[in-house]
Amino acid sequence: MTQIDFIYNLDSYEEGLFLILDKQYKNQKTLIFCDNEKKSYEFSDSLWKCPGFYPNIIMSEQLSSDDELSENFLIGNQFNKNFDELVINVSGQECIFFSRYEKSVELVLKSDNEKSNARERLKKYRDCGYEVKLIDATN
């Protein structure tokens, strides 16, 4: 069963990514789940500019879900069987294929709207029998 973490009280999704990637997930095949192409490019740019080294590629129409890539981070909104270890949700929306991953991390911003959407996802996960770990980013 997929392990699910909610990391909340973040000022930005980038803060959440930087907080966890280098410490825990640097060498895992990771999908960073974005809900649109513009945000995908913004996250890709921020990963290339941050102090660590996070080679990434953006999911595009040219990539099939079967393509095997050398990068550890794929950014987009489609499942890729070669990136099935971890999904990090930076969309603020539900990732409908989260259960295909070993671990799912939901990043939640401080805004009331974000928290409200996250509470709905949290309730849904718990109602389906998933154990969810809550992590306050301010600690």
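Only heavy atoms go into these numbers, but all of them, side chains included; no hydrogens, no water, no symmetry mates.
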Trainee: Could you measure the distance from the CG atom of Leu134 to the CD1 atom of Ile4? Nearest 0.5 Å is fine.
Mentor: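 Here the interatomic distance stands at 11.0 Å.
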
Trainee: Would you check if the side chain of Arg121 reaches a backbone N or O of Cys95 as a donor-acceptor pair within less than 3.5 Å?
Mentor: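 The answer is no, because no donor-acceptor pair under 3.5 Å joins these two groups.
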
Trainee: For Asp11, which residues count as a salt bridge (Lys or Arg N to Asp or Glu O under 4.0 Å) partner, sequence neighbours excluded?
Mentor: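 Expected list: Lys110.
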
Trainee: Between Glu106 and Asp5, is there a side-chain heavy-atom distance shorter than 4.5 Å?
Mentor: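 Side-chain contact under 4.5 Å: no.
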
Trainee: I need the Glu14 CD to Leu21 CG distance, nearest 0.5 Å.
Mentor: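 Going from the CD atom of Glu14 to the CG atom of Leu21 covers 11.5 Å.
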
Trainee: Identify, with sequence neighbours excluded, every residue that meets salt bridge (Lys or Arg N to Asp or Glu O under 4.0 Å) alongside Lys115.
Mentor: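 Testing Lys115 for salt bridge (Lys or Arg N to Asp or Glu O under 4.0 Å), a comparison that skips the adjacent residues, returns none.
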
Trainee: So, do Phe6 and Leu107 sit near enough that their side-chain heavy atoms are less than 4.5 Å apart?
Mentor: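 A side-chain contact under 4.5 Å is absent here.
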
Trainee: Taking C-beta and beyond as the side chain, do Tyr54 and Leu17 meet within less than 4.5 Å on heavy atoms?
Mentor: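 The answer is no, as the side chains (C-beta and beyond) never meet within the 4.5 Å cut-off.
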
Trainee: Using only atom types and a distance under 3.5 Å, with no angle test, would you say the side chain of Asn89 pairs donor to acceptor with the backbone of Gln93?
Mentor: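 Answer holds: yes.
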
Trainee: Give, for atom CD1 of Ile75 and atom OG1 of Thr30, the distance between the pair rounded to the nearest 0.5 Å.
Mentor: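 Atom-to-atom, Ile75:CD1 and Thr30:OG1 are 10.5 Å apart.
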
Trainee: Using a strict cut-off of less than 4.0 Å between a Lys/Arg side-chain nitrogen and an Asp/Glu carboxylate oxygen, indicate whether Lys123 and Asp127 qualify as a salt bridge.
Mentor: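 Answer for the salt bridge query: yes.
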
Trainee: Minimum heavy-atom separation for Ala137 and Ile7, please, with both atom names.
Mentor: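 For Ala137 and Ile7, the tightest heavy-atom pair comes out as CB-CG2, 4.0 Å.
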
Trainee: Is any side-chain heavy atom of Ile20 closer than 4.5 Å to a side-chain heavy atom of Val105?
Mentor: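 Yes, side chains in contact.
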
Trainee: Find the distance between CZ (Phe83) and CD (Gln28) and round it off to the nearest 0.5 Å.
Mentor: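 Phe83 atom CZ to Gln28 atom CD measures 12.0 Å (nearest 0.5 Å).
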
Trainee: Determine whether Val87 and Thr2 make a side-chain contact, defined as any pair of heavy atoms from C-beta on separated by less than 4.5 Å.
Mentor: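 Sidechains of Thr2 and Val87: no contact.
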
Trainee: For a 4.5 angstrom cut-off between non-hydrogen side-chain atoms, does Asn80 reach Leu31?
Mentor: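 Asn80 does not reach Leu31 side chain to side chain.
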
Trainee: With rounding to the nearest 0.5 Å, note down the distance linking CD1 in Ile58 to CD in Glu42.
Mentor: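 If we round to the nearest 0.5 Å, Ile58:CD1 and Glu42:CD are 10.0 Å apart.
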
Trainee: Look at the side chain of Ser46 and the backbone N and O of Phe43, then say whether any donor-acceptor pair between them is shorter than 3.5 Å.
Mentor: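 Yes: the side chain of Ser46 pairs with the backbone of Phe43.
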
Trainee: Test your reading of the model: is there a side-chain donor-acceptor pair from Lys39 to the backbone of Gly76, 3.5 Å cut-off?
Mentor: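 Looks like no, no N/O pair under 3.5 Å.
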
Trainee: Distance check, rounded to the nearest 0.5 Å: Ser40 atom OG versus Leu74 atom CG?
Mentor: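 Between Ser40 OG and Leu74 CG, I get 9.0 Å after rounding to 0.5 Å.
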
Trainee: For residues Asn77 and Cys34, report the shortest heavy-atom separation together with the two atoms involved.
Mentor: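 In this case the closest contact between Asn77 and Cys34 is CB-O, 3.1 Å.
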
Trainee: Hey, does Lys124 have a side-chain heavy atom less than 4.5 Å from the side chain of Glu94?
Mentor: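 Glu94 reaches Lys124 side chain to side chain.
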
Trainee: Less than 4.5 Å apart, any side-chain heavy atom of Arg119 and any of Tyr8?
Mentor: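 They are not in side-chain contact.
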
Trainee: Ignoring hydrogens and angles, state whether a donor on the side chain of Asn113 or Ser111 is under 3.5 Å from an acceptor on the partner side chain.
Mentor: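 No, because no side-chain N or O of Asn113 sits under 3.5 Å from a partner of the opposite role on Ser111.
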
Trainee: Counting only heavy atoms from other residues, nucleotides and ligands, does the tally under 6.0 Å from CD of Glu71 exceed 12?
Mentor: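 Yes, because the 6.0 Å sphere around CD of Glu71 holds more than 12 heavy atoms from other groups.
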
Trainee: With sequence neighbours excluded, give me every ring pair (Phe, Tyr, Trp, His ring centres under 6.0 Å) pair touching residues 94-120.
Mentor: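 As it turns out, the ring pair (Phe, Tyr, Trp, His ring centres under 6.0 Å) pairs with a partner in residues 94-120, which skip direct neighbours, are Phe33-Phe97, Phe79-Tyr101, Phe98-Tyr125, Phe98-Tyr130.
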
